[in-house]
Amino acid sequence: MSLKNKLSRMKGHMQLDGRKASEQEQKNYEDHSNEKSDAKLPAKFNQWIPLKGKPLFLEEQYTIFREIHYPLDFQLGNTQLSELKEVVRLWEGADTDHPLSTKGIDAEQLIFFDTETTGLGGGTGNTIFLLGYCHLEDDVVKVKQFFLPGPADEAAMYFHFLQDVNDLSNLVTYNGKAFDWPQVKTRHTLVRDKVPLLPKFGHYDLLHAARRLWKDTLPSCRLTIVEKEILGIERVDDTPGSLAPLLYFDFLKEKDPKIIEGVLKHNEYDVLSLIVLYVQLSKRILNCEDVSSTMKEKYEIARWYEKVKEPMKAAEMYEEVVKSNVSCRDEALLALGLLLKKQKQRDEAMDCFEGVAIKENALAITACIELAKLFEHQFKDFDKALYYSERAYEQQKKAARLLREKKTLDDLKARIERLRKKR
DNA sequence: TCGGTTGATTTAACACCGCC
DNA sequence: GGCGGTGTTAAATCAACCGA
């Protein structure tokens with residue numbers, strides 16, 4: 001069966017999240033039907049009308065442009081699009097310099113961006129055939145797509161896309177730092193004489209944020225998995241991205257827009273999902289009460305705050321985890337201890353280390369070594385320092401198989417000998 | 001004054017992963 | 001199936017501190 005026939009059997013597909021989505025889509029189609037079709041256009045463009053596509057020209061070239069509007073009360077998975085405004089407002093009031101913070105940026109400035117290409121490889125052999133994004137404007141979310149109808153029309157596609165995003169300043173993507181944006185830059189160099197310069201965008205890549213929070217709890221951090229497990233979005237009859245190149249090549253042969261409809265819808269939902277993902281990530285990072293973060297998420301967010309030199313925020317999050325009784329509690333307690341030690345809060349740090357040192361695991365060894373250091377160099381209690389050194393040595397001896405662990409063992413032996421002389 | 005210890009920072013190498 | 005960003009880890013370097 002040809003791809004065209006397969007697609008024709010998928011009529012009525014691309015339904016997102018049950019009834020609400022299908023009702024909304026119907027409304028979108030009704031909205032679109034109110035648009036005036038341009039009777040002067042050549043007949044070949046009429047077949048784009050059911051897909052809400054229309055040509056935009058640049059000299060002899062053209063791109064197919066689609067624009068779909070979603071109201072702010074549109075529910076996608078567990079999130080309403082209006083929550084984007086809410087989290088941008090929260091970031092504005094938050095006293096933190098987090099990488100996902102939009103402080104100083106309007107919600108309207110965010111471009112949730114995704115491309116469809118003819119393959120994965122880099123270089124000039126690979127073509128972007130769809131530039132899609134959505135953003136907030138006049139209290140609706142507008143999805144805009146620029147489609148490449150043929151290999152000779154790239155300048156038109158980039159021209160109209162770049163003109164359109166002229167006033168916007170910040171990209172939000174999923175793996176866009178490594179994939180989408182380098183591809184855009186490569187292709188842009190080939191048409192740069194005819195199109196505007198690429199803007200200097202700020203860039204939020206949500207893949208890396210998702211990895212930080214869920215790398216240990218999800219089977220993978222692919223967007224579809226995150227959508228299903230975290231965002232509550234279940235796509236029905238979605239056209240997988242891996243099929244996009246095949247479908248596009250089929251379109252180039254047949255010139256039938258229906259062939260590519262599934263890819264357009266896939267891209268449309270990809271960019272909408274980015275809004276939902278950004279909202280859910282932000283709410284967890286900002287520790288909003290209306291989202292039920294797991295302790296593991298709080299622990300990972302605390303580590304993230306620590307990495308970006310926000311020790312107070314990190315400590316707050318670690319403390320929440322320490323109060324719980326989850327498997328990462330000891331990790332949080334040890335991390336909190338190290339954090340407090342750095343801030344010279346030695347008594348508080350000691351309490352944390354002692355809480356971990358009573359356990360019998362790899363964390364306890366680190367905690368014992370930290371206690372030995374504190375008692376030797378800060379509290380000058382050499383008996384206790386020796387006690388914790390010996391305790392660490394005994395536990396380390398059981399585990400010492402790797403070279404790295406052997407070094408720890410040797411270091412501990414030296415520490416014990418030094419302390420025995422000091423006593 | 002010197003040597004030992006610790007902590008902070010930088011650098012490099014490496015492995016992993018998700019995009020179509 | 002190529003690419004680039006990121007996290008992790010280890011090693012190197014330097015400064016500060018302290019005791020002998």
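First the proteins, then the strands, lettered A, B, ... as listed; each starts at 1.
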**Student:** Between A:Phe147 and A:Trp48, what is the ring plane arrangement, given parallel below 30°, perpendicular above 60°, and tilted in between?
**Tutor:** tilted

**Student:** Among the candidates B:dG18, C:dG7, B:dC20, find the nucleotide nearest to the side-chain atoms of A:Asn175.
**Tutor:** B:dG18

**Student:** Between A:Glu83 and A:Lys283, is there a salt bridge with N-O shorter than 4.0 Å?
**Tutor:** yes

**Student:** Taking atom C1' of B:dA8 as reference, at what distance in whole Å does atom NZ of A:Lys341 sit?
**Tutor:** 11 Å

**Student:** Over how many whole Å does the gap from A:Leu243 atom CG to B:dC20 atom P extend?
**Tutor:** 12 Å

**Student:** Over all strands shown, is A:Ser220 touching base, sugar-phosphate only, or nothing at heavy-atom distances under 4.0 angstrom?
**Tutor:** sugar-phosphate

**Student:** Choosing from C:dG19, B:dG7, B:dC19, which nucleotide comes nearest the side chain of A:Lys380?
**Tutor:** C:dG19

**Student:** Looking for any heavy atom pair under 4.0 Å, which part of the strands does A:Thr115 touch: base, sugar-phosphate only, or nothing?
**Tutor:** sugar-phosphate

**Student:** Mind calculating the distance between OH (A:Tyr248) and C1' (B:dC20) to the nearest angstrom?
**Tutor:** 14 Å

**Student:** Using a heavy-atom cut-off of under 4.0 Å over every strand shown, decide if A:Asp180 touches base, sugar-phosphate, or nothing.
**Tutor:** nothing

**Student:** Output the single nucleotide from B:dG7, B:dC19, B:dC20 whose closest atom is nearest the side chain of A:Pro245.
**Tutor:** B:dC20

**Student:** Which nucleotide in the list C:dG7, B:dC20, B:dG18 gets nearest to the side chain of A:Arg222?
**Tutor:** B:dG18

**Student:** Whole Å only: how far is the NE2 atom of A:His377 from the P atom of C:dG19?
**Tutor:** 10 Å

**Student:** For A:Tyr318 and A:Tyr305, I'd like to know if the aromatic rings sit close, meaning centre-to-centre distance below 6.0 Å.
**Tutor:** no

**Student:** Is the closest basic N to carboxylate O distance between A:Lys313 and A:Asp97 below 4.0 Å?
**Tutor:** no

**Student:** Hey, are A:Glu261 and A:Lys265 close enough for a salt bridge, meaning a charged N less than 4.0 Å from a carboxylate O?
**Tutor:** no

**Student:** Between A:Tyr70 and A:Glu268, do the side chains contain a donor N or O and an acceptor N or O under 3.5 Å apart?
**Tutor:** yes

**Student:** With the threshold set at under 4.0 Å for non-hydrogen atoms, list the residues of residues 199-214 of chain A touching DNA chain B in residue-number order.
**Tutor:** A:Leu207, A:Arg211

**Student:** Please report, rounded to the nearest Å, how far the C1' atom of B:dT6 is from the CZ atom of A:Arg346.
**Tutor:** 11 Å

**Student:** How many whole angstroms separate atom NZ of A:Lys344 from atom C1' of B:dA8?
**Tutor:** 11 Å

**Student:** Are A:Phe159 and A:Phe146 an aromatic pair by the rule of ring centers under 6.0 Å?
**Tutor:** no

**Student:** Rounding to a whole Å, what distance do you find between A:Lys342:NZ and B:dT9:P?
**Tutor:** 8 Å

**Student:** Grab the OH-P distance between A:Tyr269 and B:dC20 for me, whole Å please.
**Tutor:** 17 Å

**Student:** Out of B:dG7, C:dT6, C:dT8, which has the shortest distance to the side chain of A:Lys177?
**Tutor:** C:dT6

